[in-house]
Amino acid sequence: MKFLRYVSFFAVLTLLLFTNCAKRGTINGGPQDSLPPIILSSSPENFSTHFNAKTIQINFDEYIKLNKVNQQLIISPPMETQPEIIPMGYPSKFIKIKIFDTLKPNTTYSFNFGESIQDNNEGNPYTGFKYVFSTGDYIDSLKLATTFEDSYSKEKLGRVNVMLYEAEGFTDSTIYKKKPLYITTSLDSLNNASFENLKKGDFYLIALQEKSSNYKFDPKSDKIGFYPQKITIPTDSTFNLKLFKEEKSPNAYRPTMVSQNKWLVPYEGDVKKLKVNVSANNKPIPTAFIKVPEKDSIFVFTPLEKYDSLQFSFKEGAYEKTQSVTHRTIKTIDTLNIKFTKNGNFSFRDTLAFTTNTPLKNINKELIRFYGKDSIQIPFSTQIDSINNLVKIQFDKKENEKYTFVLQPNSIIDFYDASLKSEIKQVFTTGKYSDFGTITFTLSGNVSYPIIFELLTKDEKVYDYVYIKEPSEIEFSQMDPNKYFVRIIEDSNGNKKWDTGSYLQKRQPEKVIQFPKELDVRANWDIKETLVIP
């Protein structure tokens, strides 16, 4: 009996010890796999010549998956019918490519998978894998390096397709209709892309930031960059391209009735040059239009009457178009309403302004009161921006001042001869001059005047700008404390704005110089900065 008690005691003790050991640790499965999959074999072999197969199989040492292969796989030259890639949506130890196109003779093909091949468990990518073959006697091996950037913004472009077209048979319309002979694509974080496996010859170089990824230029949606001369390969040069969005050609779409007196018209073109006329039953009627903020559209206003039909005529330069619509009865009617663009605390660079939801016709300054905290009337002038339906009030601001701006009844009259019915008051204040900073610039180097000198905020919005025709010191005073950047535009045609490029006119965009240095403007500080133009 005593022996049994000893055996029971040691059994319980052993069980407790193993239990405590189990509580102290867990099985972690070893270190995490950080290695990409390994290719064991390919059939036909990679870099094969005299290629005539319809199926390619690439075998791996572990299960792999394809991630966004439709976006990342680049086939050069492009194929009219995309090959089928297997597997899609499930793990496998192989990739199978089924080719449906008739391959070109004596041509080197490249399948660049980017980072789409990943191991199934950890997602480790097999970066930059290319399967290359030739239908001829040898693999083409020449290379070409390119860099690119946005012609206006300092932001990275993201994915860009860089393309080479054979010079023989190339015309201005080729990039709109045909795919290139060679194509390469940048990674999202880079501003360069290189061609490999090229043949000797003369080519034209084009870069596109596309929405459709069909390797054809669509001016309405794509950014383009082009090298103006033929490129002869082989070459040791690196070619830089400036990508830009072309100005949209004038185009007015069918008007849509928004209310009884207002029509929405999507419009592509320069609204400042646009002329709009409306006829009812072939007789002209009074018309006014304003731009829709932040959109390629306008609102067209017509009289508060019922018509059988309306004819809208649009003209911008040589462009003319007429749209006929049927007038309907809608209860909603736009009436005069006023909204100030800013209130409360004003900086010395803010503008007192207001908009109306119907087009302006007249402002009676005699019925506007504008005074400071001492109740003395302040002289002011008005500036009307009819396209944006905006009224700016211009006056000399003082520090530590409280202003009151009063629109009295009948001071504003709109397109429908409706007047302001009740008084509208706007109160705002200014701070001290010491709450703001000053920055002064001196330019040196290769400056090509005239220039547009812009101060930008972090999100690239223009905080202020000056137009300069000759060397001079540039001062920005009473600036809000913030961080700024400088952008300089060489205004080669002297029209006081940045002009984009045109592919058909073979015109590059006007030169833009970005300065990456962050300028920290602080309250009651004066900064002096010298900028060297390369």
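Within 6.0 Å of NZ on Lys154 lie more than 12 heavy atoms contributed by other residues, nucleotides or ligands. More than 12 heavy atoms of other residues, nucleotides or ligands shown are found within 6.0 angstrom of CD on Gln377.
Residues Thr358 and Thr356 bring no donor and acceptor atom of their side chains to less than 3.5 Å of each other. When only modelled atom types and interatomic distance are considered, Gln311 and Gln323 share no side-chain donor-acceptor pair under 3.5 Å. Between the side chains of Gln394 and Ser381, a donor-acceptor pair is found at a separation under 3.5 Å. Neither side chain, Arg487 nor Tyr465, offers a donor N or O lying under 3.5 Å from an acceptor on the other. Residues Asn240 and Tyr227 have side chains that never bring a donor and an acceptor to within less than 3.5 angstrom of each other.
When atom types are taken as modelled, the side chain of Tyr416 and the backbone of Asn261 share a donor-acceptor pair closer than 3.5 angstrom. Between the side chain of Gln508 and the main chain of Phe226, a donor-acceptor pair closer than 3.5 Å is present. Lys178 places no side-chain N or O within donor-acceptor distance of the main-chain N or O of Ile175, the cut-off being under 3.5 Å. The backbone N or O of Ala193 lies less than 3.5 Å from a partner atom in the side chain of Thr146, making a donor-acceptor pair. No donor-acceptor pair closer than 3.5 Å links the side chain of Ser186 to the backbone N or O of Arg159.
Residues forming a side chain to side chain donor-acceptor pair (under 3.5 Å) with Ser116 (at least two apart in sequence, or on another chain): none. Scanning for salt bridge (charged side-chain N to carboxylate O under 4.0 Å, His left out) contacts around Lys65 gives an empty result, with sequence neighbours left out. A search for salt bridge (charged side-chain N to carboxylate O under 4.0 Å, His left out) contacts involving Asp491 returns nothing, not counting sequence neighbours. In this view, Asp202 satisfies the salt bridge (charged side-chain N to carboxylate O under 4.0 Å, His left out) rule with no residue, not counting sequence neighbours. The side chain to side chain donor-acceptor pair (under 3.5 Å) search around Glu210 returns Asn161, not counting sequence neighbours. Residues that satisfy the salt bridge (charged side-chain N to carboxylate O under 4.0 Å, His left out) test with Glu149, not counting sequence neighbours, are Lys242.
For Lys361 and Asp417, the salt-bridge test passes: some basic side-chain N is under 4.0 Å from an acidic carboxylate O. Salt-bridge annotation for Arg507 and Asp499: absent, with no side-chain N of the basic residue lying under 4.0 Å from a carboxylate O of the acidic one.
Legend: ring pair (Phe, Tyr, Trp, His ring centres under 6.0 Å) pairs involving residues 161-181, not counting sequence neighbours, sorted by first then second residue: Tyr165-Phe170, Phe170-Tyr204, Tyr176-Phe217. The ring pair (Phe, Tyr, Trp, His ring centres under 6.0 Å) pairs that include a residue from residues 344-369 are Phe340-Phe354, Phe346-Phe428, Phe348-Tyr433, Phe348-Phe436, where partners are two or more places apart or lie in different chains. Contacts classified as salt bridge (Lys or Arg N to Asp or Glu O under 4.0 Å) and involving residues 214-226 (residues at least two apart or in different chains) are given here: Asp150-Lys223. Screening residues 402-411 for side-chain hydrogen bond (donor to acceptor under 3.5 Å, both in side chains) gives Asn410-Ser419 as the qualifying pairs, with residues at least two apart or on separate chains.
Taking the ring axis of Phe301 as reference, the NZ or CZ atom of Lys262 does not stay both within 45° of it and closer than 6.0 Å to the ring centre. Annotation: cation-pi pair Lys98/Phe100 absent, no NZ/CZ under 6.0 Å from the ring centroid and within 45° of its normal. The side-chain tip of Arg328 does not point at the ring of Tyr307 from less than 6.0 angstrom away and within 45° of straight on.
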Table please: side-chain donor-acceptor pairs of residues 265-281 below 3.5 Å, with sequence neighbours left out.
| unit_1 | atom_1 | unit_2 | atom_2 | d |
| --- | --- | --- | --- | --- |
| Tyr267 | OH | Glu316 | OE1 | 2.5 |
| Glu268 | OE2 | Tyr253 | OH | 3.4 |
| Asp270 | OD1 | Lys272 | N | 3.1 |

Please list every donor-acceptor pair under 3.5 Å in which a side-chain atom of residues 284-300 meets a protein atom from a residue at least two apart or in another chain.
| unit_1 | atom_1 | unit_2 | atom_2 | d |
| --- | --- | --- | --- | --- |
| Thr287 | OG1 | Ile285 | O | 3.1 |
| Lys291 | NZ | Lys295 | O | 2.8 |
| Asp296 | OD2 | Lys248 | NZ | 2.8 |

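You'll find the ring centres of Phe370 and Phe395 inside the 6.0 Å limit.
Taking 4.5 Å as the limit, every side-chain heavy atom of Asn364 sits out of range of all side-chain heavy atoms of Ile368.
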